[in-house]
Amino acid sequence: MIRAIRGATTVEKNEKEEIFSAVTEMISEIMEKNGLTADDVTDMIFTVTPDITAVFPAAAVRKLGITDVPLLDMAAPDIDGALPMCIRVMAHAETERSKRDIVHAYMRGASRLRPDLASKKISVAIDGPAGAGKSSIAKRVANDLGYIYIDTGAMYRTVGVYALKNNIDIASEQEKLIGSLPEIHIEIRYEENEQRMFLNGEDVSERIRESDASMAASAVAAIPAVRERLVKLQKQMAEKGGVIMDGRDIGTTVLPNAELKIYLTASVDARAERRYIQNKEKGIECTLDEIKADVIERDHNDMTRAVSPLRQAADAVAVDTTALDFEGSVEKIKDLILNI
Ligand code: DC
């Protein structure tokens with residue numbers, strides 16, 4: 001089977017030596033990661049942005065000993081805002097690998113061009129206290145890198161909404177809620193890249209964000225039988241990889257083998273201030289002191305509950321967003337994923 005393999009790389013200077021070394025690195029990566037020998041390659045087509053004039057990139061391939069393969073250099077279109085000093089390749093090779101197992105090589109400054117083509121998408125676990133920005137950051141990173149974002153808090157919220165709708169008092173009627181678990185069908189659908197939650201067929205995506213649903217979620221999240229059920233569902237959803245899952249126990253319990261575990265945090269003051277600004281924007285009356293007290297209380301509840309308390313997994317990378325803005329936090333997480 002002939003498969004197409006893509007690569008792209010960048011140079012900082014329009015100089016022969018640097019172009020040769022960038023192309024050698026990119027082609028070596030394509031050959032090694034796909035287990036190819038020179039005999040397997042049928043052809044390579046290169047394009048260069050118009051700012052590269054020092055040397056034809058294909059010349060580097062001949063130096064690598066790939067001599068009897070047709071090679072072609074072409075000019076890439078001159079597009080406003082395109083990545084400068086970029087060398088792209090489309091190589092064709094004989095291989096038994098499936099399309100999904102082909103490794104494409106996006107290197108140096110080009111590593112961000114097509115992260116969605118990366119053949120081996122990993123599983124990423126993001127845990128941390130409320131208000132550290134987990135869901136908004138994870139959602140954006142997943143969107144940029146072609147990953148599926150799974151918000152596990154939304155699942156606990158959905159079970160909480162079931163209890164509210166059915167007038168089950170979670171504190172005093174735990175057994176009733178546990179007995180109802182087989183009747184609680186939670187479905188997650190993705191509409192225009194948004195995760196939407198369905199409870200027994202009803203769209204509750206907005207309802208679960210109301211404040212009584214937050215309280216109910218926190219209460220149901222402390223019930224072991226509820227956790228067991230949701231953790232099982234979460235593990236199934238992550239089976240194929242390519243997911244960014246956020247919650248409190250993802251790195252420790254749900255995805256203990258995740259290739260990347262991130263513990264996202266920020267100081268109590270920073271988290272309280274962000275929530276305060278959000279509330280003000282929504283017209284919710286509150287004081288900064290009240291919010292701060294609430295953050296401290298929620299941290300305490302999350303970290304001290306008996307089942308799956310929030311804690312940093314031993315192998316998690318701690319990312320503190322106190323001094324980072326949203327874009328800075330997104331970049332930081334993307335760097336961690338792309339450089340694993
Ligand atoms: O992240 P969130 O605010 O949407 O979470 C809602 C509640 O569910 C919160 O009290 C913590 C709990 N939760 C949990 O215990 N484990 C998870 N994996 C995700 C959320």
Side-chain angles (χ1 to χ4, degrees), residues 123-142 148-164 170-171 174 177-178 181 184 186 188 194-197 199 204-238 243-256 258 261-266 268 271-272 274-275 278-279 282 284 291 294-313 316 321 329:
S123 292
V124 182
I126 304 187
D127 292 299
K134 292 190 303 291
S135 51
S136 47
I137 295 169
K139 198 159 147 186
R140 188 38 203 288
V141 171
I148 292 172
Y149 166 58
I150 302 171
D151 169 3
T152 60
M155 297 173 161
Y156 291 94
R157 286 170 180 269
T158 302
V159 175
V161 165
Y162 175 89
L164 292 172
I170 304 161
Q174 266 201 26
L177 181 65
I178 294 169
L181 280 176
I184 307 178
I186 298 174
I188 299 177
E194 287 287 323
Q195 173 179 313
R196 297 203 70 85
M197 300 302 299
L199 170 62
V204 291
S205 312
E206 275 76 39
R207 177 71 185 89
I208 60 169
R209 299 295 158 199
E210 289 175 24
S211 72
D212 58 345
S214 300
M215 297 306 290
S218 165
V220 301
I223 303 175
V226 171
R227 299 204 73 86
E228 204 178 298
R229 166 94 194 277
L230 295 188
V231 166
K232 192 170 163 205
L233 199 64
Q234 291 155 10
K235 282 180 190 266
Q236 281 167 0
M237 294 180 75
V243 296
I244 299 181
M245 194 177 264
D246 90 35
R248 307 290 191 286
D249 59 340
I250 310 304
T252 51
T253 309
V254 183
L255 304 177
K261 297 178 186 177
I262 295 168
Y263 190 79
L264 199 71
T265 183
V268 169
R271 289 186 283 132
R274 288 174 197 164
R275 186 59 43 93
Q278 270 173 10
N279 282 1
K282 288 184 194 160
I284 301 171
I291 303 255
D294 187 56
V295 166
I296 293 170
E297 190 186 331
R298 284 227 270 164
D299 282 358
H300 179 77
N301 288 347
D302 275 352
M303 291 172 187
T304 57
R305 71 170 174 231
V307 264
S308 280
L310 168 65
R311 64 181 170 82
Q312 182 176 341
T321 65
S329 309

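Keep in mind the model is a prediction, meaning the values are calculated, not measured. Whatever order the structure lists them in is the order used to number ligands and atoms, beginning at 1.
Panel note: side chain Lys134, backbone Met245; no donor-acceptor pair is recorded below 3.5 Å.
With salt bridges taken as basic N to acidic carboxylate O contacts below 4.0 Å, none links Glu206 and Arg209. Between Asp299 and Arg271 a salt bridge is recorded (basic side-chain N to carboxylate O distance below 4.0 Å).
Between the side chains of Tyr156 and Arg227, at least one donor-acceptor pair of N or O atoms lies under 3.5 Å.
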Item to complete: Could you check Arg274 against Thr321 for side-chain hydrogen bond (donor to acceptor under 3.5 Å, both in side chains), going step by step and ending with a plain yes or no?
Response: CA-CA 11 Å; Arg274 288 174 197 164; Thr321 65; 3.2 Å; yes
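Applying the side chain to side chain contact (heavy atoms under 4.5 Å, CB included) test to Ser218 and every residue at least two apart in sequence or in another chain returns nothing.
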Identify the protein atoms, limited to N or O, that lie within less than 3.5 Å of an N or O atom of ligand 1, and list each pair with its distance to 0.1 Å.
residue, atom, partner, partner atom, Å
ligand 1, 1 (O), Arg248, NH1, 3.0
ligand 1, 1 (O), Arg248, NH2, 3.4
ligand 1, 3 (O), Arg157, NH2, 2.9
ligand 1, 4 (O), Arg157, NE, 2.7
ligand 1, 4 (O), Arg157, NH2, 3.4
ligand 1, 15 (O), Arg227, NH1, 2.8
ligand 1, 15 (O), Arg227, NH2, 3.3
ligand 1, 15 (O), Arg305, NH1, 3.0
ligand 1, 15 (O), Arg305, NH2, 2.9
ligand 1, 16 (N), Arg227, NH2, 2.9
ligand 1, 18 (N), Thr152, OG1, 3.0
ligand 1, 18 (N), Arg248, N, 3.2
ligand 1, 18 (N), Asp249, OD1, 2.8

